[in-house]
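For reference, positions follow the sequence shown, starting with 1. Worth knowing before you read on, the calculation uses all heavy atoms, side chains too, and leaves out hydrogens, waters and symmetry mates. Read the numbers this way: they start at 1 and go in the same order the structure lists the ligands and their atoms.
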Amino acid sequence: MVGTAPSHALDSVYVLGVRVDRQTRLQTIERIDQLILNRRAGQNQCQQVVTVNPEFVMMAQRDATFRMCINQAALVVPDGMGIVWATYLLGKPTPERVTGTDTLPELARLCADKGYRLYLLGAAPGVAEIAAERLRELAPGLQIAGTYAGSPDVAEEEAIIERIRAAQADVLCVAYGAPAQELWIYRNQARLPVAVAIGVGGAFDFLSGRQKRAPKLMRRIGLEWLFRLYREPRRWRRMLALPQFAIKVLLRGRG
Ligand code: UDP
């Protein structure tokens with residue numbers, strides 16, 4: 001299935017019914033900047049940014065709410081070589097991978113330059129604090145509004161949102177893994193006291209050094225998933241989504 005999203009100005013491609021915007025990393029940062037400026041001008045409620053990989057697309061085949069959550073987002077970027085590959089196959093290629101882990105330091109630099117305040121929510125206790133320290137090194141002058149592990153439990157939502165409100169953050173990064181983090185943002189979007197909220201998966205684990213990232217070469221040739229499988233074998237079941245995704249795109253891609 002391929003097409004262009006009707007309700008927003010972005011150039012998008014649909015991979016098995018899931019929207020992907022054809023944005024570079026730089027354009028992604030520029031768009032986030034614009035969303036924050038819009039919010040400061042009093043225009044918008046919180047806007048969601050989603051980084052989509054093949055596992056997301058496969059989850060979205062079974063979960064209509066998750067699919068809706070992705071497709072309504074202000075920005076959907078291709079996290080994962082499988083997505084970039086699928087968009088090539090569909091004849092509307094995305095220019096490059098835009099992963100949460102790579103985008104976070106660039107987002108931190110934007111925040112440092114413009115005085116936007118960043119809040120890091122999620123990961124195991126203590127991890128977001130170390131990730132925040134690392135981001136401050138990478139983006140001198142960065143204001144971390146707050147860090148909190150919390151949990152994606154509905155019962156905790158109210159208290160977490162109060163913390164974020166008190167911290168006066170502009171941008172919220174949520175690391176609860178997919179789809180919990182995206183659905184958490186989607187459920188709470190109307191009352192989230194930030195301009196932009198983005199699910200970042202394991203980004204705090206990588207930034208803090210708690211998890212090792214695949215070597216650059218492996219990332220470049222699209223084998224980051226293999227490295228992750230080697231480091232975290234418990235992911236094997238989730239990763240079955242990758243060949244299923246490839247087969248589905250090949251069979252139905254142009255649908
Ligand atoms: N996580 C969390 N609370 C939960 C489940 C997960 O804080 O209830 C965190 C976990 O510690 C990790 C991140 O969410 O930092 C998920 O990372 P993963 O690499 O699994 O992300 P994904 O591959 O789903 O994007």
Within the 4.0 Å heavy-atom cut-off, what Ala175 brings close to ligand 1 is backbone
Under 4.0 Å, counting heavy atoms only: does Arg235 come that close to any atom of ligand 1? yes
Would you kindly check if the NZ (Lys) or CZ (Arg) of Arg163 is within the cone defined by 45 degrees around the ring axis of Tyr148 and under 6.0 Å from the six-membered ring centre? yes
Between Arg40 and Asp170, does any side-chain N to carboxylate O distance fall below 4.0 Å? yes
Would you mind listing which atoms of ligand 1 come within a distance below 4.0 Å of any non-hydrogen atom of Ala124? 11 (O)
I need the nearest protein heavy-atom contact for atom 25 (O) of ligand 1: residue, atom name and distance, please. Gly201 CA, 3.3 Å
Name the closest protein heavy atom to atom 24 (O) of ligand 1, giving the residue it belongs to and the distance to 0.1 Å. Ala178 N, 3.0 Å
Just checking, is any N or O donor in the side chain of Thr99 or Asp79 under 3.5 Å from an acceptor N or O on the other one? no
Quick check on Tyr176 - does any of its heavy atoms sit under 4.0 Å from an atom of ligand 1? yes
Tell me the contacting part of Pro152 for ligand 1: side chain, backbone, both, or neither, using a 4.0 Å heavy-atom threshold, strictly below. side chain
Gln45 atom CD: more than 12 heavy-atom contacts under 6.0 Å: yes
Gln72 and Gln48: side-chain donor and acceptor closer than 3.5 Å? yes
Report yes if some N/O of Asp205 lies less than 3.5 Å from some N/O of ligand 1; otherwise report no. yes
What atoms of ligand 1 come closer than 4.0 angstrom to any heavy atom of Gly202? 17 (O), 18 (P), 19 (O), 21 (O)
How close does the nearest protein non-hydrogen atom get to atom 10 (C) of ligand 1, and which residue and atom is it? Ala123 CA, 4.1 Å
Between Val194 and Arg39 the two heavy atoms that sit nearest each other are O-CZ, 3.4 Å
Pull out every atom of ligand 1 sitting under 4.0 Å from any heavy atom of Gly177, numbered as shown with elements. 13 (C), 14 (O), 16 (C), 21 (O), 24 (O)
Check Glu232 with Arg238, please: is the shortest side-chain N to carboxylate O separation under 4.0 Å? no
Under the side chain to side chain contact (heavy atoms under 4.5 Å, CB included) criterion, do Val171 and Ile36 qualify, and how do the steps go? CA-CA 8 Å; Val171 181; Ile36 299 170; 3.5 Å; yes
Indicate, with yes or no, if the rings of Phe56 and Phe66 have centres closer together than 6.0 Å. yes
Could an N or O of ligand 1 be found under 3.5 Å from any N or O of Ala149, whether backbone or side chain? no
Out of Arg238, Gln181, Arg228, whose heavy atom sits nearest atom 19 (O) of ligand 1? Arg228
